Amino acid sequence: MFKYCFIDFPPMQKSNKMEKILSWIEDIIGKFEKERLNILTLFIWIFILSFTRTWVEAYLFNYSYAELSYKYIFNYAHIIFFYFAVYLMGVVVLKFFSKETLMKVANLSAWGFTIILLPPFLDKFIFHTTTYRYVASVQQFIEGYTSFFLRLGDVGGYGLFIEIMTILILSSIYVFIKRRSVPIALAHFFVLYTLILVMGTPRLDPILAMWSPEAEKMIVPGQMKVAAGLLQPVFFLHFLIICIILALVAGELSRKGFVFRFLKTVRLPQVAHGILMVIIGIIVAGHLDINLMNLANASQTGNIGMAGLSMFLVVFMWVYTAIINDIYDIEIDRVTNRDRIVISGLLTEKQALHIAIICAVISVWLAIMLSVYALALALVALAMGTIYSVPPIRFRNTAFSTTFIGVGSAIAYFIGYMTPRYIQVGTMPPFEFVKILPSTITPEGIGIGILIAILLSIGPLVTDLKDYESEKKLGIRNIYTIYGKDKGVTIVSILLFISFISLLILFRTIQDIVIFVVFGLAASYLFKKYEITKGIFLLYFPVLVYCLARWVGLI
């Protein structure tokens, strides 16, 4: 009996010793997990690391964009957001496999992300790499994936291999420490490795692949292959979209119901409305010459990228405005909008404010990439979004606060109207990529913008009705609380009809008169008789689409 006790005891000691080691490692990890960085400071930190890595790499390998010039803004923009996408992807994967809280994983990953600064120095001074580029084709993706980059001497370098392997090994150890499971840690290793290579091969996206063949032929002697100068704005949008998706996934993994409540907060119909205003502006200007027949043409890629930048600029401006509004409308939302992100408790007011600030920063970034005119319009829109909700001004409490929505819609339209072309100059390398603004702003173009401002200052008066009870209790002044609900509904019904028939300023055939009058009467009647709010917009969008079709000559 004593013999068997003696044989069993050492493994237990060994197990206890291993557990102590793991606990010791866990204590060290805990120091890096502390939530020192909030959402905003995480954004700033990752931006600093990403910018530094991009510039250092350019400087050490003599890339042209080592010169900090505006003409290289797309080089920096798409690479920086590539790193943002990689960071967010790492956080999501690590959160999923470790089951640790999101902010702990985000803080740990932020400190670990400093390793991205190492590869350029290793490759330049240790491995003496002479060229430096990344996975560009599906074939290279396959070769890189099966050899951990070791069969790709001309892609990246051994420093990149060391970077990736260090991230994979350390993060997998972290998962093992948290879950005490080798299979889960291995699963994390291969999932993260696969996603890193997928992220680093944007041409796996069939849309980008469609636009790439022409770009693959653009070679500057003595320099790395141009990653398609016209493609850079599209690369940026590609990584920006991935960042948005990953951020929403991270929020959902952290707090169930996050995505639904966030989308309720940003009001998707209003997001669609803003995008539509941009599209109308682009079509009215006719400057980009984008149509269904040339979308697959690689020469149009730059213009498609510019259009996308304008659309996302308006989206981020609106998200900023919507979140700021929710932060300062908490008392109203307790009655009418309990499913929004702040009032539901899924985000604190401070966290929501940080997200709003990030959206504002990205808006300015997008505007700078477009033009000085876009920047001026964006700054006006962001200022309006602020004073609309934030005391002491808070135009939200004025009778005709919806004029801000009308003016904001006009701003979105003019951003679309002023979207520049982005083209390649020259047929031989080195190529120059330039942006060209519309040559003229026509009186008709300005008139449409003014008409949009007027019409959409009236339309939103409809939605104010649903907040009547709560705003009356809080003493908020609007057309319903000033004149009474019944009289206010009558006034808005008349204004609705006027807004529809005012489109006759642009189009005046018998067909136009019939459509505008019928839709105007329908909207006015439904609102006056049944106080329908959401349904009014089902009449609003078809009329806008009809006007757009009339403008381009489809009808």
Side-chain angles (χ1 to χ4, degrees), residues 47-48 50-84 120 131-134 136 202 208 211-212 214-240 282 285 287-290 298-313 316 361-379 415-416 418-439:
F47 175 84
I48 291 171
S50 302
F51 175 84
T52 304
R53 163 66 185 266
T54 305
W55 181 83
V56 166
E57 190 175 288
Y59 178 79
L60 292 178
F61 291 91
N62 298 315
Y63 296 161
S64 56
Y65 57 89
E67 173 194 350
L68 297 178
S69 170
Y70 179 77
K71 64 183 177 181
Y72 299 120
I73 190 169
F74 289 121
N75 296 76
Y76 280 91
H78 88 269
I79 295 173
I80 287 171
F81 262 79
F82 163 75
Y83 286 118
F84 267 109
T131 184
Y132 210 71
R133 61 190 183 87
Y134 297 97
L208 292 180
W211 287 326
S212 296
E214 178 179 296
E216 285 292 301
K217 299 174 185 176
M218 298 180 185
I219 302 177
V220 179
Q223 297 187 31
M224 66 171 184
K225 183 179 292 185
V226 177
L230 291 176
L231 263 178
Q232 287 176 355
V234 180
F235 276 146
F236 170 81
L237 294 173
H238 171 81
F239 293 124
L240 177 62
I282 290 172
H287 186 57
L288 300 188
D289 192 30
I290 297 175
S299 65
Q300 273 295 91
T301 307
N303 292 336
I304 292 167
M306 291 292 101
L309 290 177
S310 291
M311 292 177 197
F312 274 98
L313 166 57
F316 276 95
V361 170
I362 295 175
S363 298
V364 172
W365 190 343
L366 289 163
I368 290 173
M369 285 194 283
L370 284 166
S371 68
V372 65
Y373 300 105
L375 177 60
L377 290 168
L379 291 176
I415 286 173
M418 296 299 294
T419 299
R421 293 187 56 144
Y422 188 65
I423 61 173
Q424 170 192 316
V425 176
T427 56
M428 297 292 291
F431 302 105
E432 182 181 1
F433 301 98
V434 299
K435 292 183 292 184
I436 303 173
L437 288 164
S439 56

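Remember, it's a predicted structure, so these values are computed and weren't measured experimentally.
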What about the rings of Phe235 and Phe82, do their centers lie closer together than 6.0 Å?
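When the ring centroids of Phe235 and Phe82 are compared, they turn out to be at least 6.0 Å apart.
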Any donor-acceptor pair under 3.5 Å linking the side chain of Asn303 with the backbone of Tyr422?
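Confirmed, Asn303 side chain pairs with Tyr422 backbone.
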Please check: side-chain N/O of Ser69 versus main-chain N/O of Tyr72, any donor-acceptor pairing under 3.5 Å?
no
Going by side chain to side chain contact (heavy atoms under 4.5 Å, CB included), name the residues that satisfy it together with Ile282, two or more places apart in sequence or in a different chain.
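For Ile282, the residues satisfying side chain to side chain contact (heavy atoms under 4.5 Å, CB included) (neighbours in sequence not counted) are Val278, Leu288, Ala307, Thr419.
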Taking C-beta and beyond as the side chain, do [X] and [Y] meet within less than 4.5 Å on heavy atoms?
X: Ile79; Y: Ser50; answer: no
X: Leu370; Y: Leu366; answer: no
X: Phe236; Y: Leu309; answer: yes
X: Tyr63; Y: Thr54; answer: no

Does [X] have any ring-ring contact (aromatic ring centres under 6.0 Å, His included) partners at least two apart in sequence or in another chain, and if so, which?
X: Tyr76; value: Phe51, Tyr65
X: Phe84; value: Phe43, Phe81
X: Trp55; value: Tyr59

Would you please name every residue forming a side-chain hydrogen bond (donor to acceptor under 3.5 Å, both in side chains) with His238, sequence neighbours left out?
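By the side-chain hydrogen bond (donor to acceptor under 3.5 Å, both in side chains) rule, His238 matches Asp205.
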For Lys435, all residues meeting side-chain hydrogen bond (donor to acceptor under 3.5 Å, both in side chains), sequence neighbours excluded
Tyr70
Closest non-hydrogen atom pair between [X] and [Y], with its separation:
X: Ile415; Y: Leu377; value: CG1-CD1, 3.7 Å
X: Met418; Y: Leu437; value: O-CD2, 3.3 Å
X: Gly308; Y: Leu237; value: CA-CD1, 3.7 Å
X: Val56; Y: Pro120; value: CG1-CB, 4.1 Å

